[in-house]
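Before any comments, here is the structure.
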2 protein chains.
Amino acid sequence: MKDVAAQAGVGLKTVSRVVNGEPGVTPETERRVRAAIEALGFRRNDSARVLRKGRTATVGLVLEDLADPFYGPLNRAVEEVARAHGALLINGSSAEDPDRERELALALCARRVDGLIVIPAGNDHRYLEPEMRAGVATVFVDRPAGRIDADVVLSDNFGGARGGVAHLIAGGHRRIGFIGDHPRIHTATERLRGYRAAMAEAGLPVAGSWVSLGSTEPGRVAPAARAMVTGPEPVTAVFAGNNRVTVTVVRVLASLRRPVALVGFDDFELADLLRPGVTVVAQDPAALGRVATDRLFQRLAGSVLTPTRTELPTRLVPRGSGELPPAD
Amino acid sequence: MKDVAAQAGVGLKTVSRVVNGEPGVTPETERRVRAAIEALGFRRNDSARVLRKGRTATVGLVLEDLADPFYGPLNRAVEEVARAHGALLINGSSAEDPDRERELALALCARRVDGLIVIPAGNDHRYLEPEMRAGVATVFVDRPAGRIDADVVLSDNFGGARGGVAHLIAGGHRRIGFIGDHPRIHTATERLRGYRAAMAEAGLPVAGSWVSLGSTEPGRVAPAARAMVTGPEPVTAVFAGNNRVTVTVVRVLASLRRPVALVGFDDFELADLLRPGVTVVAQDPAALGRVATDRLFQRLAGSVLTPTRTELPTRLVPRGSGELPPAD
DNA sequence: CTGAAAGCGCTTACAG
DNA sequence: CTGAAAGCGCTTACAG
């Protein structure tokens, strides 16, 4: 910028004015400055600008896995809202590791993102308190923050699961299994609670062998599903706690002679093309991202004061697998 | 930092030493500095650091759509390589719009990313020449750069398509259709070229009605597919130019009475669960991202000088749909 | 309409 | 082992 000023024979401030489109520059002066910019290939350094201005026009997003299709629409929605506010997006994967989540979130804060959106991997977010006090707007999505009071945007995990299981019960099922994620994950326990509520409301018992929580790796889910449908008290229907579980369960059920009903939490591409189509409790991941980022910018604008909790509805999408009658 | 120095009764440089773990500080001095950091809630401002050091430890990634499952693994692979080099990732979607690609890429350069990975939407990247001259390491992925000489990492689109079509021909098909993306997209024309090469090598004619290029919207692809399988010279097999086309074609073929064979470019989740399983020419999107980012850091390390073109192999995955015999 | 000075929060190069 | 000064490339607040 100094070079441009010298070449154009003007002061630094005048170059700054031209670059930022501020008023108060003669057309002739502006022309000279622009010519110098062109000749020298000048490109404004936003890092310096940021240092002086305070705000970075950047939003940080910590999610579980950039490669997970479930988070794609959420990621894109955050980007779009940020873009509408002139902000760029820095994101990264926690890989479901609380330490990595922390490391990444703090690295983003050190870059002075204006706001931070976190899909928590850990259960203790007190490490973010100093950052939040220092003015980093922070919103948690998909799972609530641990041990701090903060904005959070969730799906109705409890209600969605309860509705999905009630749908199976209404179809005549009395022995229904639940296969879900690790119990340390909030969504997993909420959905399990929904399952238990629906069973209890129908006066149905839940055998211990009908509930299986743990890793969503096919290597764990497949045997669990097989045991449930072939054990001494075989279930006639399975409720799958999330999309990865659902996919594995579909594979297991496809290999059975006897039809077993299935409802899965989370929608996924091609669910309607399978035979039977897979009935799901659908969330709206794009809406999660959109609502969370809107909240973030409201906070940055100073219009939100106390932390709020927003719960987005889910939607039951019947496609066939959840409407299969009990095999017995 | 000034406040910390004052509180600890030391100089600025000593605080800097402690914060950066540099040697040459008495344990006692370090203790005092750390106590002051704790008390004041000091957090180093990386923007200032960046301004002084020159490098930002940031990689920019411009892709088509953060929500597209095809780019998820690529995105994650770029992140992992960047992370291994201590760099963060800023990314964004071009939405297949050349102007938006340009705007985003230049915004990333203004933030002084050390390197830029671009999945091109446009065909003219001369706008990046000043940036590249100024030292921004740039690598193009999936499609080559337009009108500039730059590193590029591609899949073997031509060879993959040729192999997929040859597979159909080997299965006895003689009338094969091709449904692909817009002809302005490099991958689309390369794959079409592969299709034509395979047909020519087998001495097979290609009727004009067997080739359809354009938007990958279901609203365009579905009628095109229907016309191809029901026209006066109906095809007995379809080669789908990418994953989005494949999915729509699967839907169309599922509604037919007569079986039509299908091979699709790009693998996708659950392709093996459909009936029949969908035979695909698989790329390795994670490898594209990994190789490109490795190249980027080689360039930053100064060990790459001339632009290189890397082509990654594809893999034919037979699952049933590509092995259906001709219906007639 | 224009510009000189100070400062954003760090690091570099140097001196003690 | 420690620190004062200069500077990274901008913008702010002010004066002319």
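Letters go in sequence order (proteins before strands), and every chain restarts at 1. Being a predicted model, the structure only gives us computed values, none of them experimental.
When the side-chain nitrogen and oxygen atoms of T14(A) are compared with OP1 and OP2 of dC1(C), none of them lie within a distance under 4.0 Å. The side chain of T26(B) contributes an N or O atom lying less than 4.0 Å from OP1 or OP2 of dT2(D).
Every residue two or more places apart in sequence or in another chain that forms a side-chain hydrogen bond (donor to acceptor under 3.5 Å, both in side chains) with S16(A) is listed here: N20(A). Remark: Y71(A) engages no residue in a ring-ring contact (aromatic ring centres under 6.0 Å, His included) (not counting sequence neighbours). Take D114(A) and apply the side-chain hydrogen bond (donor to acceptor under 3.5 Å, both in side chains) test, not counting sequence neighbours, and it matches T56(A). For F70(A), there are no ring-ring contact (aromatic ring centres under 6.0 Å, His included) partners, not counting sequence neighbours. Applying the ring-ring contact (aromatic ring centres under 6.0 Å, His included) rule to H85(A) yields the partners F297(A); only residues at least two apart in sequence or on another chain are considered. With sequence neighbours left out, the side-chain hydrogen bond (donor to acceptor under 3.5 Å, both in side chains) criterion links R126(B) to D124(B).
Within the structure, salt bridge (Lys or Arg N to Asp or Glu O under 4.0 Å) contacts touching residues 61-77 of chain B (residues at least two apart or in different chains) are D65(A)-R76(B), R76(A)-D65(B), E64(B)-R143(B), E64(B)-R244(B), D68(B)-R244(B), R76(B)-E79(B), R76(B)-E80(B).
Every stem involving DNA chain C, taken as at least 3 paired positions in a row under the Watson-Crick or G-U wobble test at 3.5 Å, is listed here: C:1-3 with D:14-16, C:5-12 with D:5-12, C:14-16 with D:1-3.
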(message) Generate the contact string for nucleotides 9-16 of chain D. Rules: B means base contact, S means sugar-phosphate contact only, - means no protein heavy atom under 4.0 Å.
(response) BSBB----
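Rounded to whole Å, atom C1' of dC8(D) lies 16 Å from atom CZ of R55(B).
Residues D266(A) and P285(A) have side chains not in contact (no heavy-atom distance under 4.5 Å, counting atoms from C-beta outward).
Backbone-only contact: V10(A) has heavy atoms under 4.0 Å from sugar-phosphate atoms and none from a base.
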